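Scroll down for the structure; my scribbles are underneath it.
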Amino acid sequence: MNPVYAPYPATRLRRTRQNSAIRDLVRENSLSAGDLIWPVFVRSGEGIEEPVASMPGVMRRSVDKVVEAAKDAAAVGVGAICVFPYTGLEERTEECAGAWDPDNHANRAIRAIKAALPDMVVMTDVALDTYNINGHDGFVENGEIVNDRTVQALVKMALAQAEAGADIIGPSDMMDGRIGAIRSALEGASHQNVMILSYAAKYASAFYGPFRDAVGASGALTGDKKTYQMDPANSDEALRLVARDLSEGADMVMVKPGLPYLDICRRVKDAFGAPTFAYQVSGEFAMIQAAAMNDWIDRERVMMESLMAFKRSGCDGVLTYFALDAARLLNA
Ligand code: PBG
């Protein structure tokens, strides 16, 4: 775009900023509760809400409490929720069989949310890390995170989630070929309306630290995820990944983390025009919360500014731990 305007003083760009009604008129982007997906952590037990120390304000909840939380989300206009399981070390194995157990916490939570709130859009996480004894997203054989055997397991995991009533399958594992494999399995099992939001451009990021506490993976993870998650130095590769996942049947794509990767969001949206999401991840959330708790920043304003930044960068929506707080402010 080449803006055409007269030189000063014929053009004074401050004219359109002079009061709030004018600013409302010329505003280019908007944020609403409907743009937000709220990640929640589900654990075993009943009546439990336990705080995650590194994510102030975030809870791990038993299934009954997750249902209550989903009702709170619906009440403030957040129409989508993403369920992540917390698993203790004792629930993890090398074979990761918990991942496709129809009765694991995540699948029980999906069923319970859909039973209580049929219109709530429920998204899942597809990756083995929350069931894996060594914290990796795929099977580990002789120190290697193996691709093809992992994809077969991810397909079983995704099918169990679809059976439980999930609306959006969220493969976060970064294995090659998983989108096509999951899509054809869903078609084959009459789940043609179940969507896939692919974590297409997911970077090997230190910003996931607090999340790994939340899901119980911090103590479990051996080594790093650099052989499957992206190198933060790369940008063109993100476009190749998005192109690949769309060509295999992804309905929507994600860039993750969020704020440090807004350049990628913009490139992805411009290149493909597909529904594009960013994940404002645990470390981004924790940084804002920590600074706000020290009174170093204005929490509400920083939260809203950070979310608007995603819209401005071309995202259609955002996964954010701020979803409920932001929605409440937007409704106020
Ligand atoms: C794992 C997964 C991760 C996140 C979502 N799914 C962590 C990882 O890849 O190690 C991170 C979310 C966050 O940091 O908020 N498959």
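Numbering of ligands and ligand atoms starts at 1, following listing order. Source: prediction; values computed, not measured. Residues take their numbers from the sequence shown, with the count starting at 1.
Other residues, nucleotides and ligands place no more than 12 heavy atoms under 6.0 Å from the CD atom of Glu305.
Closest to atom 14 (O) of ligand 1 among all protein heavy atoms lies Ser282 OG, 2.7 Å. Protein heavy atom in closest approach to atom 8 (C) of ligand 1: Lys225 NZ, 3.3 Å. Scanning the protein for heavy atoms near atom 2 (C) of ligand 1, the closest one is Lys202 NZ, 3.3 Å. In this structure, the protein non-hydrogen atom closest to atom 16 (N) of ligand 1 is Ser172 OG, 2.8 Å. Among protein heavy atoms, the minimum distance from atom 6 (N) of ligand 1 is reached at Lys256 NZ, 3.3 Å. The protein heavy atom nearest to atom 15 (O) of ligand 1 is Tyr321 OH, 2.6 Å.
By the 4.5 Å heavy-atom criterion applied to side chains, Ser313 and Lys311 are not counted as neighbours.
The side chain of Asp125, and not its backbone, has at least one atom closer than 4.0 Å to an atom of ligand 1 (non-hydrogen atoms only; side chain from C-beta on).
Those atoms of ligand 1 with a heavy atom of Arg212 less than 4.0 angstrom away are 8 (C), 10 (O). The Ala127 neighbourhood of ligand 1 comprises atoms 16 (N), with distances under 4.0 Å to a heavy atom of that residue.
In summary, the side chains of Asn134 and Thr222 do not present any donor paired with an acceptor at a separation below 3.5 Å, with no hydrogens or angles considered. Looking only at atom types and distance, the side chain of Thr87 has a donor-acceptor partner in the side chain of Arg92 under 3.5 Å away.
Residue Asp129 places at least one N or O, backbone or side chain, under 3.5 Å from an N or O of ligand 1.
Classified by interplanar angle (parallel below 30°, tilted 30° to 60°, perpendicular above 60°), the ring pair Tyr279/Tyr321 is tilted. Using cut-offs of 30° and 60° for the angle between ring planes, the Tyr228 and His136 rings count as perpendicular.
Side-chain atoms of Lys256 do not come within 3.5 Å of backbone N or O of Val281 as any donor-acceptor pair.
The nearest non-hydrogen atom to atom 3 (C) of ligand 1, considering only Tyr208, Phe211, Tyr279, Tyr228, comes from Phe211.
By the side chain to side chain contact (heavy atoms under 4.5 Å, CB included) test, Glu163 pairs with His191, sequence neighbours left out.
No heavy atom of Glu284 sits closer than 4.0 Å to any atom of ligand 1. Ligand 1 is never approached by Gln280 to a heavy-atom distance shorter than 4.0 Å.
Applying the side chain to side chain donor-acceptor pair (under 3.5 Å) test to every pair with at least one member in residues 143-152, sequence neighbours left out, gives these pairs: Glu141-Arg149.
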